[in-house]
Visitor: 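Here it is: the structure, laid out below.
Below, read A as the first sequence line, B as the second, and so on, with proteins coming before strands; counting in each chain starts at 1.
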There are 2 protein chains.
Amino acid sequence: MNKLDKNEFRLTNQRKVILEELKKVKSHPTATEIYDMVRKKMPRISLGTVYRNLELLSNNSIIQKLDFGEAQKRFDGNPTTHYHINCKGCGRVDDVDMPLNQELDELAENATSYKVSSHHVEFSGFCVSCQN
Amino acid sequence: MNKLDKNEFRLTNQRKVILEELKKVKSHPTATEIYDMVRKKMPRISLGTVYRNLELLSNNSIIQKLDFGEAQKRFDGNPTTHYHINCKGCGRVDDVDMPLNQELDELAENATSYKVSSHHVEFSGFCVSCQN
DNA sequence: TAAAAATTAGTAATAATTACCAAATGATAA
DNA sequence: TTATCATTTGGTAATTATTACTAATTTTTA
Ligand SMILES: [Mn+2]
Ligand SMILES: [Mn+2]
Ligand SMILES: [Zn+2]
Ligand SMILES: [Zn+2]
């Protein structure tokens, strides 16, 4: 039951298509890549609308905004926490389907004076086509 | 034996002070914060020089460039891999002194088709002064 | 000491993201 | 329905972190 279901904001056509297109792919696209995808369905949408809605959707945990230290942020249609891997050759980002290591949070809580709430893991390496 | 020791680039005064000031603190400062620190010692240094040298030093593994999804990147005078925690209240970044979990790399390698070489962990939570 | 190479300060350019605003759209209720 | 009110959009301008450029300076080399 997120804010969309509760009608705290409208499911406009623009919003719907952005969400649909993002959920279709597992490539973790950037805002401009999403803009290009969406424009094929809605040629008149503006880049500002894409940014505004990606921000709204990620602030409301309907999608995720990811940062891999590249120039542009990436987006993930899957809002649940999971690990990612970034190819040092071509930059592609894939999911790592392994269970979250919850004990890490406890270990970090013992090692610091923080109240730890979550963690992110980002692996790096080389994808199949970059392994040579 | 890094490129500095091998004289592959010069240890200019600017470079020396940037490195010294960064190594003095454990606050993971941004480029402009380092600029402000360094300017107290070298009032005429330019921000471009700070950026250029931070880039050079991190490319040569003498320091680290870190990204916590904030507007500005942060820098770490400690080049060895270690985990960090980011306060959701005030944004401060601290080290998490716990051993690296090397098995994570193996688990990720089994879960993907990548050749995995390393991983980063970023915890989030609330620091002592933000716990209320 | 002359020439070559590296580095700097200062400034301009780039590029991702955010802010702004008038027009359009959709919801609400008399 | 119809008038009002709130939300959202497209288009564009502004912001800002970072990079690029360049002439001058410093250091190295021969
Ligand atoms: Mn993902
Ligand atoms: Mn650190
Ligand atoms: Zn690759
Ligand atoms: Zn805090």
Visitor: Mind calculating the distance between CG (Leu56(B)) and C1' (dA6(C)) to the nearest angstrom?
Guide: 11 Å
Visitor: Could you tell me how far apart Glu70(A) (CD) and dA15(C) (P) are, to the nearest whole angstrom?
Guide: 16 Å
Visitor: Report yes if at least one side-chain N or O of Asn13(A) is closer than 4.0 Å to OP1 or OP2 of dT8(D); otherwise report no.
Guide: no
Visitor: Of the nucleotides dT9(D), dG10(D), dT18(C), which has the atom closest to the Arg44(A) side chain?
Guide: dG10(D)
Visitor: Using a 3.5 Å distance criterion without hydrogens, assess whether the side chain of Glu109(A) forms a donor-acceptor pair with backbone atoms of Val116(A).
Guide: yes
Visitor: So, is Tyr51(A) near the phosphate of dT17(C), with a side-chain N or O under 4.0 Å from OP1 or OP2?
Guide: yes
Visitor: Quick one: pull up NE2 in His119(B) and CD in Glu122(A) and give me the separation to the nearest 0.5 Å.
Guide: 11.0 Å
Visitor: Ignoring backbone atoms, establish whether Arg10(B) has a side-chain N or O less than 4.0 Å from OP1 or OP2 of dA5(C).
Guide: no
Visitor: Starting from C1' on dG10(D), measure out to CE on Met42(A) and report it in whole angstrom.
Guide: 11 Å
Visitor: Whole angstroms only, please: what is the CZ-P distance between Arg74(B) and dA17(D)?
Guide: 13 Å
Visitor: Can you check whether Ser46(B) has a side-chain N or O nearer than 4.0 Å to OP1 or OP2 of dT8(C)?
Guide: no
Visitor: NZ of Lys73(B) versus P of dA15(C): gap in Å, rounded?
Guide: 15 Å
Visitor: If you find the nucleotide of DNA chain D closest to Ile45(A) and the one closest to Gly48(B), which residue's nucleotide is nearer the 5' end?
Guide: Ile45(A)
Visitor: Output the rounded distance in Å from CD (Gln14(B)) to C1' (dA6(C)).
Guide: 12 Å
Visitor: CD of Glu55(A) versus P of dT17(C): gap in Å, rounded?
Guide: 10 Å
Visitor: Both Ala71(B) and Thr12(A) contact DNA chain D. Which one's nearest nucleotide lies toward the 5' end?
Guide: Thr12(A)
Visitor: Going by side chain to side chain donor-acceptor pair (under 3.5 Å), His28(A) matches just one of His84(A), Glu33(A), Arg92(A). Which one?
Guide: His84(A)
Visitor: Between Glu55(A) and Asn59(A), is any pair of side-chain heavy atoms under 4.5 Å apart?
Guide: yes
Visitor: Starting the side chain at C-beta, find the nucleotide from dG10(D), dG26(C), dA9(C) nearest to Thr49(A).
Guide: dG10(D)
Visitor: Which is true for Arg52(A) with a 4.0 Å heavy-atom rule: it touches a base, it touches only sugar-phosphate, or it touches nothing?
Guide: base
Visitor: Roughly, in whole Å, what's the span from CD in Gln72(A) to P in dT16(D)?
Guide: 20 Å
Visitor: Looking at the side chain of Phe9(A), which of dA9(C), dT18(D), dT8(D) is the nearest nucleotide?
Guide: dT8(D)
Visitor: Ignoring hydrogens and geometry, is there a side-chain-to-backbone donor-acceptor pair from Gln131(B) to Phe126(B) under 3.5 Å?
Guide: yes
